[in-house]
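Before any comments, here is the structure.
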Amino acid sequence: MTQRKRSRKKTAALFRRVLSKCLARQEEITVSEWAEKYRVLDESSNLSGRWSNAVTPYLIGIMDAFNHPHIREIYLCKGAQLGGTEALINMLGYIISEEPGPTMIVYPSDDLAKDVSNDKLKPAFRLIPEVRKQFYENSSKELRLKFKSMTIYLRGAGSPSKLASKAIKYLFFDEIDKMGGASKKEASPYKLAMERIKTFASQSKVYACSTPTLKSNYIWDLHDHADEVREYFVPCPHCEEKIRLEFKQIKFTKDPEEKMSPYERAQSAVYVCPECGCEILDRDKPKMLREGEWRAIKKRGVGEPKTVGFHISSLYSIFVTWAQVAEEFLKSKDDPEELQNFVNSWLAEAWEDTKLKTTAELVKERQSEYEEFEVPDWAIELTGGIDVQETSVYWVIRAWGERWTSQLVARGQATDLWETDRIMNLNYEKRDGSKMTLSLVLVDSGDQTDMVYNFCADTSDYTLPSKGSSKKMDTDYKISVINKVGSRATGMSLVIVDTEKYKDRIAARMRRENGRGAWMVFKGIDEDYADQVTAEHKINVKQANGSTVQKWVQKNSHGANHYLDAEVYAMAAADIRGARTWHMDRYDPEKEKNVDGQMNPPPAPEEQWIRENELEGWV
């Protein structure tokens with residue numbers, strides 16, 4: 001009887017516990033809150049013990065995007081060692097504890113999947129009480145982890161049949177850029193895996209993280225074409241303006257004679273705020289990160305996004321100093337393979353394999369003996385180019401001599417077009433006192449078209465409106481006629497420019513040593529101009545029909561290229577003025593001297609061939 005009473009009491013207690021658990025209100029908690037409450041890091045982590053969101057605050061927005069009811073796909077394009085995999089583990093722990101469902105993680109290979117399973121996932125699950133009590137470790141296998149209410153399948157990208165065999169609610173990709181692409185027989189591993197979430201279409205979640213490789217590879221393409229692209233903005237400790245941490249703001253000692261080692265130069269590295277010019281120290285970074293926020297820099301469509309791309313570089317890591325970034329760059333800048341690793345793993349930018357590339361350092365090497373506003377002695381004419389933006393205009397003035405020899409005379413930014421009228425009408429002097437004015441200025445009419453047409457109508461004695469061609473042209477430029485009803489510019493010539501060809505010519509001549517035929521800049525050229533005029537490079541771009549063409553594209557999505565556009569129009573203006581044939585007018589032995597007064601060496605056979613073909617626009 002006593003035993004029966006105890007049995008009834010146990011049954012009643014069990015019933016009350018089960019009923020209480022069933023009726024209890026489910027805890028409302030985000031992934032980041034769950035991680036801080038339950039996650040424990042082992043000794044292999046930089047900071048073992050309880051997880052703290054304060055160490056990597058930029059991960060909070062990424063993890064909590066998983067809880068957003070509208071967001072279905074999250075793509076993290078990141079620098080190395082920023083915690084992308086740890087965020088993945090936190091999401092897994094949250095799923096197991098709070099919202100169980102069939103889950104798949106795709107790795108580049110089966111071997112890597114097994115290593116991660118044994119070395120990362122299982123140890124992490126053992127350390128988290130909320131997960132450990134649901135983990136059936138004894139009945140689990142390396143590539144199938146069983147839990148009380150769900151199973152996690154680990155798959156290598158090289159096993160198409162395994163990727164296509166399960167209905168999945170939660171899908172994860174770790175280091176997705178190391179996976180292979182599509183084959184002749186199968187779709188890409190990414191496409192095959194994405195087919196598995198169709199059953200749970202309205203409830204599914206996808207998370208992929210990776211350091212980028214090429215622009216055409218998975219993570220860069222997926223994050224850059226998401227409905228919303230976000231970057232992390234942090235407050236400057238001095239002016240409190242929210243800024244992105246960018247490599248170009250890390251300044252370190254110049255060493256033209258290369259007497260210092262990369263380590264020695266890097267020790268002078270400081271981060272300069274682009275808003276106030278104050279130096280930001282390494283010790284400022286933790287507080288900046290805690291007060292930072294994710295902001296959308298690109299948005300497609302209206303309403304809440306379904307796919308979100310996050311982009312963050314290693315400059316945001318509290319474990320990386322400005323000096324370490326500078327040293328890594330200095331050690332890798334002269335080796336293309338090493339430089340690609342720096343661009344991919346440190347800056348989290350896609351690498352483009354291009355044979356025609358320019359750099360800001362190359363522009364600085366093209367500085368001549370002439371000061372700003374000074375016209376070289378060899379100059380025959382001056383031309384200008386103006387790039388028009390919504391809120392300002394960028395202009396350049398360039399001197400031209402025989403065989404396309406050119407020198408930047410002046411450049412700047414103005415608030416409106418009519419401000420440039422005064423600049424373009426000034427007299428610019430040579431050292432002998434002779435004065436020159438601009439013979440032709442081309443003004444970009446692709447933006448603010450009506451304003452440009454009105455300006456060119458007012459300044460028709462020296463300007464022509466122009467615009468870049470949307471497709472490849474047989475000639476470098478062609479003259480059209482404006483036919484716009486009601487416009488003051490109706491009947492005026494419009495110059496259509498094949499911008500790709502002029503960018504080719506600028507890049508090729510920028511790579512020449514200073515002298516005849518070179519593209520040069522004045523002494524003391526500024527960083528902003530050098531960055532903008534080299535903001536693009538020529539890469540292979542895949543067309544919709546599957547063919548590949550080479551095109552000039554911006555190196556990164558937020559780099560300005562206004563001075564490059566202005567230089568294109570200045571060169572096209574020189575072309576219209578006949579610059580490519582000036583050397584054919586007459587032969588003078590003195591003209592075989594370079595700009596320093598020294599005789600040019602006889603050209604090599606291949607150089608002579610190039611020179612002869614320049615007339616056909618080959619270079």
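We number each residue from 1, following the sequence as shown.
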Practice task
Please determine if Arg300 and Glu228 form a salt bridge, counting it only when a charged side-chain N lies under 4.0 Å from a carboxylate O.
Solution key: no
Exercise for the section: Considering only NZ, NE, NH1 and NH2 on the basic side and carboxylate oxygens on the acidic side, decide whether Asp504 and Lys538 come within less than 4.0 Å. Expected result: yes
Handout entry: Residue pair Phe247, Phe342: steps toward the ring-ring contact (aromatic ring centres under 6.0 Å, His included) verdict
Key = CA-CA 11 Å; Phe247 174 65; Phe342 175 76; 5.3 Å; yes
Problem - Ion pair check, Glu86 and Arg39, cut-off under 4.0 Å - result: yes
Exercise for the section: Flag the pair Arg366 and Glu513 as a salt bridge only when some basic side-chain nitrogen lies within less than 4.0 angstrom of an acidic carboxylate oxygen. Expected result: yes
Exercise for the section: Start with the C-alpha distance between Glu264 and Lys259, add both sets of side-chain angles, then the distance that settles salt bridge (charged side-chain N to carboxylate O under 4.0 Å, His left out), and finish with yes or no. Expected result: CA-CA 10 Å; Glu264 290 169 332; Lys259 293 181 178 180; over 6 Å; no
Handout entry: Shortest non-hydrogen contact from Glu372 toward Arg411
Key = OE2-NH1, 3.2 Å
Fill in the blank from the handout: The side-chain contact (heavy atoms from CB on, under 4.5 Å) partner of Asp387 among Val568, Asp565, Val396, Val393 is Asp565
Practice task
Indicate whether the side chain of Gln413 and that of Tyr394 have a donor and an acceptor atom separated by less than 3.5 Å.
Solution key: yes
Exercise for the section: Taking the six-membered ring for Trp and the full ring for Phe, Tyr or His, determine whether the centres of Tyr170 and Phe66 are under 6.0 Å apart. Expected result: yes
Practice task
Work out which heavy atom in Val521 is nearest to a heavy atom in Trp519; give both atom names and the distance.
Solution key: CG1-CZ3, 3.8 Å
Handout entry: Short N-O contact, Glu293 and Lys242, less than 4.0 angstrom
Key = yes
Practice task
Taking atom types as modelled, find out whether Thr213 and Asn344 have a side-chain donor-acceptor pair closer than 3.5 angstrom.
Solution key: no
Practice task
Please assess Leu112 against Asp110 for the test side-chain contact (heavy atoms from CB on, under 4.5 Å), listing each intermediate value before the final yes or no.
Solution key: CA-CA 5 Å; Leu112 180 60; Asp110 282 339; over 6 Å; no
Problem - Any residue meeting side-chain contact (heavy atoms from CB on, under 4.5 Å) with Leu127, in chain and number order, not counting sequence neighbours - result: Val40, Asp42
Practice task
Taking the six-membered ring for Trp and the full ring for Phe, Tyr or His, determine whether the centres of Phe172 and Tyr153 are under 6.0 Å apart.
Solution key: no
Exercise for the section: Please name the pair of heavy atoms, one in His238 and one in Cys278, separated by the smallest distance, quoted to 0.1 Å. Expected result: CD2-CB, 3.3 Å
Exercise for the section: Give the minimum heavy-atom separation between Lys205 and His68, together with the two atoms involved. Expected result: NZ-O, 2.7 Å
Completion exercise
dist Asn561:CG -> Glu567:CD (nearest 0.5 Å) comes out at 12.5 Å
Handout entry: Closest non-hydrogen atom pair between Leu315 and Glu246, with its separation
Key = CD2-C, 3.6 Å
Problem - Ring centers of His223, Tyr75 separated by less than 6.0 Å - result: no
Practice task
Consider only side-chain N and O atoms of Glu279 and Tyr271, and report whether a donor and an acceptor are under 3.5 Å apart.
Solution key: no
Problem - Lys NZ or Arg CZ of Arg265 over Phe252 ring: under 6.0 Å, within 45° - result: no
Completion exercise
For Gln532 and Tyr563, the nearest pair of non-hydrogen atoms, with its separation, is OE1-N, 3.1 Å
Problem - Electrostatic pair Lys364:Glu527 at N-O distance under 4.0 angstrom - result: yes
Handout entry: NZ/NE/NH1/NH2 to OD/OE distance under 4.0 Å, Lys287 and Glu291
Key = yes
Practice task
Would you kindly check if the NZ (Lys) or CZ (Arg) of Lys285 is within the cone defined by 45 degrees around the ring axis of Trp322 and under 6.0 Å from the six-membered ring centre?
Solution key: yes
Problem - Glu130 side chain to Ser97 side chain, donor-acceptor N/O pair below 3.5 angstrom - result: no
